[in-house]
Amino acid sequence: MFEPYVNEPYSDFTDTRNADAYRAAIADVRSRFTQYPLIIGGEPVETGRELESINPARPAEIVGTVSLADQGAAQRALDAAWAAFPAWSRVDGVARARHLVKLAAILRARKYELSAWETIEASKNYLEAEADVAEAIDFCEYYARQAVEVSEPLPVYPYPGEDNESHLVPIGAGIVIPPWNFPLAILVGMTVGPVAAGNTVVVKPASATPVIAAEFMKAVEAAGFPPGVINFLPGAGSEVGDFLVDHPRTRFVNFTGSMEVGLRIAQRASVVHDGQPWLKRAYMEMGGKDALVVDETADLEAAAAAAVVGAFGFQGQKCSAMSRLILVDDVYDEVLERVVALTEALPVGPAEDNVRVNAVITASQQHSILSDIDRGRGEAKLLVGGEAVDLDGGYYIQPTVFGDVGPDAYIAQHEIFGPVVSVLRARDFDNAVEIFNGTQYGLTGGLFSSRRDRIERARQEFHVGNLYINRKITGALVGVQPFGGFNMSGSNAKAGGPDYLRLFMEMKTVAERWL
Ligand code: NDP
């Protein structure tokens with residue numbers, strides 16, 4: 001029925017035709033800055049309160065404005081989602097899948113345009129932006145195929161004289177709360193997963209990247225989703241976020257973001273309010289303090305290159321970013337020297353010129369990263385970077401490397417979420433394993449080694465949801481590397497994995513006796 005699933009390919013931007021087409025997309029997007037409404041029950045809603053989205057590389061540039069929801073609008077959005085639920089939940093899995101495949105086709109046709117929005121709104125260079133759009137397309141295609149699978153009855157043993165059947169049913173209307181760092185991919189994956197399973201949603205985008213989310217809603221409309229299946233509700237987390245999380249009619253909460261906010265939501269979502277007939281399902285995918293271990297048998301050049309790519313891609317603003325580099329004593333100096341040299345050579349500048357390291361997302365994030373760097377100066381040795389870069393008023397920070405960081409140091413434990421790496425010295429491999437596991441998180445991690453026994457130990461003992469051997473630790477592919485962490489990195493929902501839709505479904509078993 002559908003073609004076999006394959007990941008969306010990336011462009012080669014060293015081909016000038018692709019780079020020229022991308023620049024043309026940026027110019028086109030820039031000529032279309034506009035205002036976006038909420039979308040409730042398929043209808044545009046203006047609230048008279050506006051949220052401005054700004055270009056982090058040039059904060060004087062307003063990329064667009066979106067209407068801001070209040071609690072009344074949040075209530076109407078949840079009502080609209082419930083109104084759409086009975087019909088959507090009964091659309092068969094194949095027809096739901098067709099909606100998703102159509103949505104993927106629309107996103108694919110708009111690939112450079114949507115990437116260009118990300119370049120301007122989130123400061124992602126061409127490769128990073130296109131990878132995000134490709135991942136969004138992958139989520140639609142992958143979950144479409146799962147929508148078909150989950151509509152099949154589940155295997156049960158036969159029993160004489162009875163017809164026994166178990167099948168999965170969607171659970172209801174929920175809310176989707178994504179972060180800004182993969183403003184399309186994560187928002188789309190967290191939305192279309194539950195929707196593919198037959199649920200309906202209210203999407204509250206991150207306040208730093210509402211325009212790309214609003215552009216996605218145009219694709220939702222073009223794909224022909226019935227009104228109310230996907231509602232769009234930009235608004236402050238503290239106002240509409242808390243309201244929807246607490247609401248007795250919210251059936252599930254699908255959150256990705258920081259540990260602080262995730263813990264708050266998990267606690268609130270566990271409270272049963274008056275009139276609430278269920279326990280809310282609540283998935284919290286949270287932060288990381290991801291480490292790469294390099295031992296004395298590793299290909300040191302490859303390890304240093306992978307460390308730098310994993311640390312500074314999208315300015316280190318990935319939950320999977322390599323933020324702790326653990327080097328065994330024998331190779332500490334050599335690897336560190338390579339990492340420092342590679343880091344010093346990284347150009348910093350505008351995403352729209354496709355420079356390697358771009359602005360961080362907001363002024364407050366820049367401020368918070370710089371203050372963490374200042375704290376690092378007091379507890380470790382600053383080797384590269386450490387300063388803001390003054391360019392068009394943009395929120396730039398030099399790629400930064402600290403050496404001689406103690407395993408318990410603040411900068412070895414706290415998620416900084418910016419271009420900052422802590423390098424730690426391990427006495428030997430045993431000590432490296434201990435340091436690796438010595439944080440409250442457990443999202444991604446990796447090992448560079450050529451020793452089979454150590455690779456096997458890492459497979460068993462590195463306590464992370466996504467482990468990478470002899471490669472960079474970022475860039476999980478939908479359907480290939482299901483993604484989600486352990487411990488305080490979250491509920492291990494495994495986005496892009498084979499069980500994702502089941503998180504938003506429950507199993508009904510029917511036994512009919514013939515006589
Ligand atoms: P935040 O936790 O600040 O925000 C995430 C989302 O929660 C935003 O939409 C935000 O809205 C919303 N929010 C804030 N307060 C509330 C509230 N009280 N109730 C409901 N919603 C609320 O995270 P960031 O957006 O800064 O994202 C970065 C974080 O995300 C990092 O910690 C990173 O590691 C993590 N992350 C984890 C991933 C994973 O798979 N484990 C993947 C990607 C990122 P608003 O923007 O309006 O404040």
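None of these values were measured; they are calculated from a predicted model. Just so you know, ligand 1 is whichever comes first in the structure, and atom 1 is the first atom listed for that ligand. For this chain, numbers begin at 1 and follow the sequence in order.
At the shortest separation from atom 15 (N) of ligand 1 among protein heavy atoms lies Val261 CG1, 3.6 Å. Scanning the protein heavy atoms around atom 2 (O) of ligand 1, the nearest turns out to be Ser258 OG, 2.6 Å. For atom 20 (C) of ligand 1, the closest heavy atom belonging to the protein is Gly241 CA, 3.4 Å. The nearest heavy-atom contact from the protein to atom 28 (C) of ligand 1 is Phe417 CE2, 3.5 Å. Atom 12 (C) of ligand 1 has Ile177 CG2, 3.4 Å as its closest protein atom, hydrogens excluded (heavy atom only). Scanning the protein heavy atoms around atom 32 (O) of ligand 1, the nearest turns out to be Glu415 OE1, 2.6 Å. Here the heavy atom of the protein found nearest to atom 19 (N) of ligand 1 is Gly237 O, 3.3 Å. At the shortest separation from atom 42 (C) of ligand 1 among protein heavy atoms lies Cys319 SG, 2.8 Å.
By the neighbour-count criterion of 12 heavy atoms within 6.0 Å, atom CD of Glu506 is densely surrounded, having more than that number from other residues, nucleotides or ligands. Enclosure of atom CD in Glu52 is not indicated, since only 12 or fewer non-hydrogen atoms of other residues, nucleotides or ligands lie within 6.0 angstrom.
Closest of all the heavy-atom pairs between Ile373 and Phe402 is O-CZ, 3.4 Å. Closest heavy-atom contact between Phe85 and Gly198: CE1-O, 3.4 Å.
Remark: ligand 1 and Pro178 share an N or O pair separated by less than 3.5 Å (distance only, no angle test). Not a single N or O atom of Thr256, backbone or side chain, sits closer than 3.5 Å to an N or O atom of ligand 1. Polar contact check, Trp180 against ligand 1: a nitrogen or oxygen pair lies under 3.5 Å apart. For ligand 1, the polar-atom distance check against Phe182 finds no nitrogen or oxygen pair separated by under 3.5 Å. Between Asn181 and ligand 1, no N or O atom pair is found at a separation short of 3.5 Å. Looking at Met286 next to ligand 1, an N or O pair under 3.5 Å apart turns up.
Using bins of under 30°, 30° to 60° and over 60° for the plane-to-plane angle, the ring pair Phe486/His463 lands in the tilted bin.
Heavy-atom separations between Gly235 and ligand 1 include at least one value shorter than 4.0 Å. Assignment of Gly490 to the shell around ligand 1 is not supported, since no heavy atom sits closer than 4.0 Å. Using a non-hydrogen distance threshold of 4.0 Å, Phe483 registers as a contact of ligand 1.
Counting heavy atoms closer than 4.0 Å to ligand 1, residue Leu244 contributes nothing at all.
The heavy atom nearest to atom 35 (C) of ligand 1, considering only Pro179, Gly484, Gly257, Pro205, is found in Gly257.
Side-chain atoms of Asn492 come within 3.5 Å of backbone atoms of Gly484 as a donor-acceptor pair (strictly under, hydrogens ignored). Formation of a donor-acceptor pair under 3.5 Å by the Glu130 side chain with backbone atoms of Ser11 is found in this model. Side-chain N or O atoms of Gln366 include none that pairs as donor or acceptor with a backbone N or O of Ile361 at under 3.5 Å. Between the side chain of Asp138 and the main chain of Asn7, no donor-acceptor pair closer than 3.5 Å is present.
The atoms of ligand 1 that sit less than 4.0 Å from any heavy atom of Leu443 are 41 (N). Under a 4.0 Å criterion applied to the non-hydrogen atoms of Ala206, ligand 1 contributes the atoms 9 (O), 46 (O). Close approach of ligand 1 to Arg264 (heavy-atom distance below 4.0 Å) involves ligand atoms 18 (N). For ligand 1, the atoms closer than 4.0 angstrom to any heavy atom of Ile186 are 42 (C), 43 (C). Taking every heavy atom of Phe255 and a limit of under 4.0 angstrom, the matching atoms of ligand 1 come to 2 (O), 5 (C), 6 (C), 7 (O).
Comment: Glu260 does not engage Arg264 in a salt bridge, judged by the lack of any side-chain N to carboxylate O separation of less than 4.0 angstrom. A salt bridge links Arg377 and Asp374; the closest N-O separation between the charged side-chain nitrogens and carboxylate oxygens is under 4.0 Å. Glu221 and Lys218 are not joined by a salt bridge, as no carboxylate oxygen comes within less than 4.0 angstrom of a charged side-chain nitrogen.
In this structure, CD in Glu461 is found 11.5 Å from CG in Leu447, a value given to the nearest 0.5 Å. Separation of atoms OG1 (Thr400) and CG (Asp372) is listed at 11.0 Å; rounding is to 0.5 Å.
For atom 4 (O) of ligand 1, the nearest protein heavy atom lies 4.0 Å away or farther.
Phe255 does not carry Lys204 over the face of its six-membered ring by the limits of under 6.0 Å from the centre and within 45° of the normal.
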